Each structure stands twice: as structure tokens, then as C-alpha cells.
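Working notes, structure below.
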Amino acid sequence: MASVTPFISSEELAAQLPEVTLLDVRWRLGGPSGRGAYAEGHLPGAVFLDVDEDLCGPPGDGGRHPLPDRAELAEKLRAAGVSADRPVVVYDGGDLLAAARTWWTLRWAGHSDVRVLDGGLPAWTGELTTETPEPKPGDFAVEPGHLPTIEADEAIDFARTGVLLDVRAAERFRGEVEPIDAVAGHIPGAVNAPGELPELPADKPVGAYCGSGITAARAVLQLHAKGRPDAAIYLGSWSHWITDPSRPIATGEEPGA
């Protein structure tokens, strides 16, 4: 099942269903949990994981969606049947946000064969089930650092020497509104890319951030699909950046304005 693409089609998945560990990670910012939707119907064999409860740590100094405790993450993944030598496919409700963050977390943690169902649940052409599987416990061990990250103290230099994408809505980037976080604006030097990813120079490093590391993970997934496996993420993103009042904040249209 190894592939250069991080996506898998519904048709491909249907043919390989017995051979993969399947994770349902349907999620919506602010809730409710996707657990109810999972109970109403999911792909055969899929195990539900909650992004907030199972795949992220509690909000705080690390931002709104920090990485969880590594031992706890490994325990959750093994309980869901994740093993190092078995391919994993993740899906969500179709916006690819939760699926991308789960994909990124597993790849960062050292799993080499993870793909996202292209289009999420709406793209699935097979039957659904309400049966809750009891997966055989997996053996996956979390070994962090397999995908590149940007730390807060590296972000300004990264924006100067590479391309740091801010994938939030334009009005949040400009600092005109901030519906979620306590401070508005963006990291100086960042480039706003709220929709389609811009053309990027091949000779410069590229990274992404958002509000809390969810939408940025989708951007990194898309960059991998475009042949940029070097794409990095500032996982804490804006919600982490603003926890230190000494960090500079830019507003307006222009990068670094």
C-alpha cells in the first residue's frame, strides 16, 4: 500500500479494506464530538478517535491543540489497533481538517504508511455500519520527529529565509477580527494563504501555521501531495504565538507590515 501520495480514493480503499487500520476522526471546532455521528454509521472496521480527547493535549501554554503526552498518545493509538507494520487510513466528514491532523500526528510519530480518504466520508461509495469493532491491540510506538516542525523561536527567521504560510481567513491575518484567540494579527513576514495554496519557490523552505495547528496540518498534507515532503508546521500556531507578549505581532495586508 506504500505510495507517494498521502491520499487514497474510495475505490482503492474498498479494495484494501481488510488490510488497513481504519480511523474515523470526524470532528468540528467547538463540538459536538463526532462520536455521535460515528454511532449512527461509519465505514466497516473503523475505530473512532476524538481529535480533542485522544489526539491533542489540553489547551494552555502550548496553544489550543498541542500534541498530547506521548505515552498517552501511544496508548490511544495501540488501543485503536494501530501497528507499525500495518497501513493506516484516516477519514473525517470531508473538510480533511481532522484527518490531516491525524495523518500528520501519525507520520510525525514515526508511522510510515498513513493515508487520508480523499473527500472524507462523503466520498465513500460503499456501505456503512453501526457495528463497533473490537480491534486487536496494536504495537505502535511513538517516536517523534519524523516530520519537520517550526518552533516559535524559529518562526521569524523561517519567514525571512523561506515561505511561512498563514492559512487563516484574510481578516484574521490582517488583524481586523479575531473570533477565537485573545490577540489579533499575524507573525511578521508570514504570507496569507486562506484558500488555494500559492505557487511556491522550490529552492526555499515552506511551512504553515493557522490558529491552533489543525488547518495548517491540512496545508502540509496538501503540500506533501504536491511533492513537498519538506513542508513544516508550526504546530502551536497563532494560539501559541500570543502566549508570550514579547513576540512581535504584525497587522495589515503586507507580510511583516
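Since the structure is predicted, the reported quantities are computational estimates derived from the model, not experimental observations. All values below come from the heavy atoms of this structure, side chains included, with hydrogens, waters and symmetry mates left out.
Rounded to the nearest 0.5 angstrom, L23 CG and D92 CG are separated by 11.5 Å. L96 contributes atom CG, which lies 7.0 Å from atom CG of D118 (distance to the nearest 0.5 angstrom). Atom-to-atom distance recorded for T149:OG1 and E154:CD is 7.0 Å, nearest 0.5 angstrom. Of the inter-residue distances, the one linking R107 atom CZ with H146 atom NE2 reads 9.5 Å to the nearest 0.5 angstrom. Here CZ of R172 is found 13.5 Å from NE2 of H186. Values are rounded to the nearest 0.5 Å. Considering CG of L106 and CG of L73, their distance stands at 7.5 Å, rounded to 0.5 Å.
Smallest separation of non-hydrogen atoms from W241 and P248: NE1-O, 2.9 Å. Of all non-hydrogen atoms in T129 and P44, the two that sit nearest each other are CG2-CA, 3.7 Å. E131 and P133 make their closest contact through O-CD, 3.5 Å (heavy atoms, listed as atom of the first residue, atom of the second, distance). Nearest heavy-atom pair, P188 versus I156, reported as atom, atom and distance to 0.1 Å: CD-CD1, 3.7 Å. Across all their heavy atoms, K76 and E53 have their closest contact at CE-O, 4.3 Å. Closest non-hydrogen pair, A232 versus I150, comes out as CB-CG1, 3.7 Å.
T243 and D61 share no donor-acceptor pair across their side chains, judged by distance under 3.5 Å alone. Side-chain contact annotation: T125 with S10, donor-acceptor N/O pair under 3.5 Å present.
Aromatic rings of F48 and H42 (six-membered ring for Trp) have centroids beyond the 6.0 Å cut-off, not under it.
No path of Ile, Leu, Val, Met, Phe, Trp and Tyr side chains, each step under 4.5 Å between heavy atoms, connects Y38 with V82, placing them in separate hydrophobic clusters.
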Checking side-chain contact (heavy atoms from CB on, under 4.5 Å) for the pair H224/T5: CA distance, chi angles, key distance, verdict? CA-CA 7 Å; H224 273 242; T5 175; over 6 Å; no
When you look at L121 and R26, which way does the side-chain contact (heavy atoms from CB on, under 4.5 Å) test go after all the steps? CA-CA 9 Å; L121 182 66; R26 280 177 280 176; 3.2 Å; yes
Between D181 and R64, does a salt bridge (charged side-chain N to carboxylate O under 4.0 Å, His left out) hold up when you go through it step by step? CA-CA 9 Å; D181 295 306; R64 286 186 280 110; 2.8 Å; yes
Let me see the working for V25 and Y91 under side-chain contact (heavy atoms from CB on, under 4.5 Å), right down to the final yes or no. CA-CA 6 Å; V25 294; Y91 71 90; over 6 Å; no
Working note: W103 + H111, criterion ring-ring contact (aromatic ring centres under 6.0 Å, His included); need CA distance, chi angles, decisive distance, verdict. CA-CA 9 Å; W103 166 86; H111 203 297; over 10 Å; no
Determine, step by step, whether T251 and F173 satisfy the side-chain contact (heavy atoms from CB on, under 4.5 Å) criterion, reporting the C-alpha distance in whole Å, the side-chain angles of both residues, the deciding distance to 0.1 Å, and the verdict. CA-CA 7 Å; T251 56; F173 174 85; over 6 Å; no
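Considering only heavy atoms from C-beta on, D52 comes within 4.5 Å of H65 through its side chain. Between S83 and K136, the closest side-chain pair of non-hydrogen atoms is not below 4.5 Å. Put simply, the side chain of T215 reaches to within 4.5 Å of the side chain of L97, judged on heavy atoms. In this structure the side chain of V47 never reaches within 4.5 angstrom of the side chain of T21, judged on heavy atoms. Side-chain contact between D24 and L49: absent, with no pair of heavy atoms (C-beta onward) separated by less than 4.5 Å.
Note that R168 lies in the cation-pi zone of W238, set by a 6.0 Å cut-off to the ring centre and a 45° limit from the axis.
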